[in-house]
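Just below is one structure, and these are the notes that go with it.
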2 protein chains.
Amino acid sequence: MDKAGVRAITIDDIAKKANVSKATVSKVINSYSGINEKTRQAVLKVMREHNYWPNTTARSLSMQRSYLVGLFMASELLDSFFREVIPGIEATLGSQGYDILYFADKRPGNTGVTFGYLEKCRDRRVDGAILLSYIRGDIPEFESLLASDIPAVFIDMTLEGPYTSYVISDNHKSARLAVECLHSLGHREVGYADGTSRSVPAERRFQGFMETVNRLGMHCRPEWIFQDSFDEEYGYHVIENLESMEQQPTAMVAQDNVAVGMIRALWERGKSVPGDLSIVGFDDLEISRHYNLTTVKQQKYEMGVAASELLLNIINHKSNKPIVMDTDLIIRGSCMSIK
Amino acid sequence: MDKAGVRAITIDDIAKKANVSKATVSKVINSYSGINEKTRQAVLKVMREHNYWPNTTARSLSMQRSYLVGLFMASELLDSFFREVIPGIEATLGSQGYDILYFADKRPGNTGVTFGYLEKCRDRRVDGAILLSYIRGDIPEFESLLASDIPAVFIDMTLEGPYTSYVISDNHKSARLAVECLHSLGHREVGYADGTSRSVPAERRFQGFMETVNRLGMHCRPEWIFQDSFDEEYGYHVIENLESMEQQPTAMVAQDNVAVGMIRALWERGKSVPGDLSIVGFDDLEISRHYNLTTVKQQKYEMGVAASELLLNIINHKSNKPIVMDTDLIIRGSCMSIK
DNA sequence: TAAATAAACGAAACCGGTTTCAAAATAGAT
DNA sequence: ATCTATTTTGAAACCGGTTTCGTTTATTTA
């Protein structure tokens, strides 16, 4: 568009007004040394007077740096987990002058082709990427990603490469804490509900769950194990199934969304938590507080921060060591001693 | 970074390999006419062989177009409403080759200054912007925005200018439908709970509510009107307050989040919906289905689509006529006839 | 077959910055 | 006052595309 005929003002304009070369203006903009203080002030004054701000596109082209970070999320977009991680990413990258490119699915009009991860990154020349909650095997490009030179940090997926690293919670510990909590309340018969074990956190939690259950001499029948989905609906499904069984657990360990669904399903049946069933959750989502759910917290905001810092480190050729976040038990009211 | 020494391949490389000029390659890329079919095929072949994709940054600089759209959201980021609108934006803009820039709060390292709306847009040379659910008076830059030449579309805020337009639901109708529904079930004493009336939708809904209540000869005591917040917590607050009143409504009209909070609060008190209170919601959020809430639906995904199309129209100098989306009643189980 | 017309192509300028490096200006030393 | 060392400065190349417009090549027409 012709922008109402008003051409944005450029570095050349500033140079002319200030009677210096554009090279000098550029150096002032970037706070380089070797510029006379008087000159610097004069240039700054002109810049201010004309409300000048450098064209990021031109700067990107020239510097081969976009100050853009791509944010890719597994399809169940904007779920409750992301919702708490993203602000940490935003705050950290934002304070370093980065903007976040939230990738849409298609590319330049033309053919409507769906482009993959790498193409998107290269195309926009992002300086790096953060990938949230992808599930192993869901993206065929992971290998080329590892071989590529685009800095990337995964959250909740353990993938490493020269320019690739990850942030993940200590999910094994989470499960241990959950089971130990129930054990200490006297529970011995305990079930489990979480998302697909192709998800790394769910896989690790399940390992931790089984190990701890065995170590403490507790029992978990195979039919008490549900591993399909992360949503509330699934919680209803879990309760329906449990209901129809002869033997039932006295307690369940379940991811928060699922746990909330379970609680609601029980309520609708006139039962209560923890009266009829004790539940310990995973994640400590925002909603869990409202349901008074005892749960093992993931430090979600902090994960966003950590992932961003890790990414910046990789971009700047510093450490790319993976980060494991601590977890801890948040005691609320969804568990009680066995009668 | 040195990108592992691998320089990305450029249009010049392609031109050389294909024995043509970069101008010709450019024309092939952009599907211009006036290129011999044989030449075109040859160039395309080389492009494919080298897995070439044009540098968007360079293209943006040259074309004075970024194919970037800024997405700004009022701070209660990623709430349940946005969550359903955004996919519509994404799909529509994505299919047109646009990417979405999700704006973070700070700009180029330097001073850590917080930049405003306009600066962000200009700085990144976005082709346009979509602003979600901002509240009148919350952003001081609205006026300069109206005067500016950056195409912008508001969702849920009625602001118009030469390059500015908006998309909003027919909120007045929503309220009318809600009240009429309750009236037809015999309710005459009805309360109201919604967010601040500084929000345009909440304002319009309230007008519609009062008008319809009066028109149909129903009653709404002043103390039955709650207009502070859009969240579940507020629903608890509403129920607590109602509880303590001598006169109580037989039904409430309430925004979905608030309604859900009310339902939960009632459950916790051993009461039921609609047994003890009928409720009609606004919005039809995802969660409302799980609560079996009768509600007036906003076409959220479609609003995202409409806003995107409107924005593209403005960018391409076509119509900038505001769009009002229809709403309709979704009958579920949260209302019953008065006994 | 020559001239007129149409189609295809490419040289060069441009978008708005950064960076290199030689030249100019200034300061310091003798 | 002259010469050297140090700061400052700016011309020009570069980043990787797009676009204009004149030139070359191919096709028609006479």
Side-chain angles (χ1 to χ4, degrees), chain A residues 1-3 6-43 47 50 52-68 97 107-110 122-125 127, chain B residues 1-3 6-43 46-47 50 52-68 97 108-110 122-125 127:
Chain A
M1 62 182 310
D2 65 18
K3 298 294 181 185
V6 183
R7 196 179 52 81
I9 129 163
T10 73
I11 197 174
D12 288 290
D13 300 326
I14 299 298
K16 196 162 294 170
K17 308 266 188 194
N19 274 316
V20 295
S21 71
K22 57 193 288 198
T24 299
V25 177
S26 175
K27 287 169 189 166
V28 170
I29 292 172
N30 294 286
S31 311
Y32 284 4
S33 62
I35 293 289
N36 187 299
E37 185 58 23
K38 250 182 238 161
T39 313
R40 149 196 279 326
Q41 289 304 334
V43 171
M47 283 173 55
H50 293 77
Y52 167 76
W53 202 258
N55 180 324
T56 311
T57 305
R59 161 185 287 208
S60 293
L61 178 59
S62 160
M63 302 217 302
Q64 300 284 71
R65 259 211 182 203
S66 61
Y67 277 93
L68 232 37
R107 245 329 94 88
N110 310 350
R122 283 206 203 287
D123 183 19
R124 284 289 182 187
R125 262 59 178 181
D127 292 344
Chain B
M1 61 182 310
D2 64 17
K3 297 295 180 186
V6 183
R7 196 179 52 81
I9 130 162
T10 73
I11 197 175
D12 288 290
D13 301 327
I14 299 298
K16 197 162 296 171
K17 308 265 186 194
N19 275 316
V20 296
S21 72
K22 58 193 286 199
T24 299
V25 176
S26 175
K27 288 169 189 167
V28 169
I29 292 172
N30 293 288
S31 311
Y32 283 5
S33 62
I35 294 289
N36 186 299
E37 185 56 24
K38 250 182 237 161
T39 314
R40 150 198 278 326
Q41 289 305 334
V43 171
V46 176
M47 284 173 55
H50 292 77
Y52 166 77
W53 203 257
N55 181 323
T56 311
T57 306
R59 159 185 290 207
S60 293
L61 178 59
S62 159
M63 302 216 301
Q64 300 285 71
R65 260 210 182 202
S66 61
Y67 278 92
L68 233 36
N110 309 352
R122 283 205 202 286
D123 183 18
R124 284 290 182 187
R125 261 60 177 180
D127 292 343

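Atoms considered below: every heavy atom in the structure, side chains included; atoms not considered: hydrogens, waters and symmetry mates. So you know, we letter chains A, B, ... as the sequences are listed, proteins then strands, and number each from 1.
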Whether each nucleotide of nucleotides 8-14 of chain D has a protein heavy atom under 4.0 Å at its base (B), only at its sugar-phosphate (S) or at neither (-) is summarised, 5' to 3', as SBBB---

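Rounded to an integer number of Å, the gap from OH of A:Tyr67 to P of D:dC15 is 20 Å. What separates CZ of A:Arg125 from C1' of D:dG17 is a distance of 10 Å, to the nearest Å. Across the protein-nucleic acid pair, B:Met63 atom CE and D:dG17 atom P stand 12 Å apart, rounded to whole Å. Atom CG of B:Leu61 and atom C1' of D:dT18 are 10 Å apart (whole Å). Put simply, CD1 on A:Ile9 is 11 Å from P on C:dG16, counting in whole angstrom units. If you measure from atom CG of B:Asn55 to atom C1' of D:dG16, you get 6 Å, rounded to the nearest angstrom. The interatomic distance linking B:Lys38 (NZ) with D:dT25 (P) rounds to 16 Å, in whole Å. For the pair B:Lys16 NZ and D:dG16 P, the computed distance is 12 Å after rounding to whole Å.
Across B:Thr57, B:Leu61, B:Asn55, a single residue satisfies side chain to side chain contact (heavy atoms under 4.5 Å, CB included) together with A:Ser60, and that is B:Thr57.
Using a 4.0 Å cut-off, some side-chain N or O of B:Tyr52 falls inside it from OP1 or OP2 of D:dG17. Side-chain N/O atoms of A:Gln64 include one lying less than 4.0 angstrom from OP1 or OP2 on D:dG16. In this structure, B:Tyr32 reaches the D:dT19 phosphate: one of its side-chain N or O atoms is under 4.0 Å from OP1 or OP2.
When all heavy atoms of B:Ser66 and B:Asp127 are compared, the closest pair comes out as N-OD1, 2.9 Å. Here the shortest heavy-atom pairing between B:Arg124 and B:Leu68 reads O-CD2, 4.3 Å. Scanning all heavy atoms of the two residues, the minimum distance from A:Ala8 to B:Arg125 falls at CB-NH2, 3.9 Å.
Contact of the A:Val43 side chain with the A:Lys27 side chain is not registered, since no non-hydrogen atoms from C-beta on lie closer than 4.5 Å. Contact annotation: the side chain of B:Arg40 never approaches that of B:Tyr32 to less than 4.5 Å [non-hydrogen atoms, C-beta and beyond].
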- Task: Might you work through the side-chain contact (heavy atoms from CB on, under 4.5 Å) test for A:Ile11 and A:Ile29, ending with a clear yes or no?
- Result: CA-CA 10 Å; A:Ile11 197 174; A:Ile29 292 172; 4.2 Å; yes

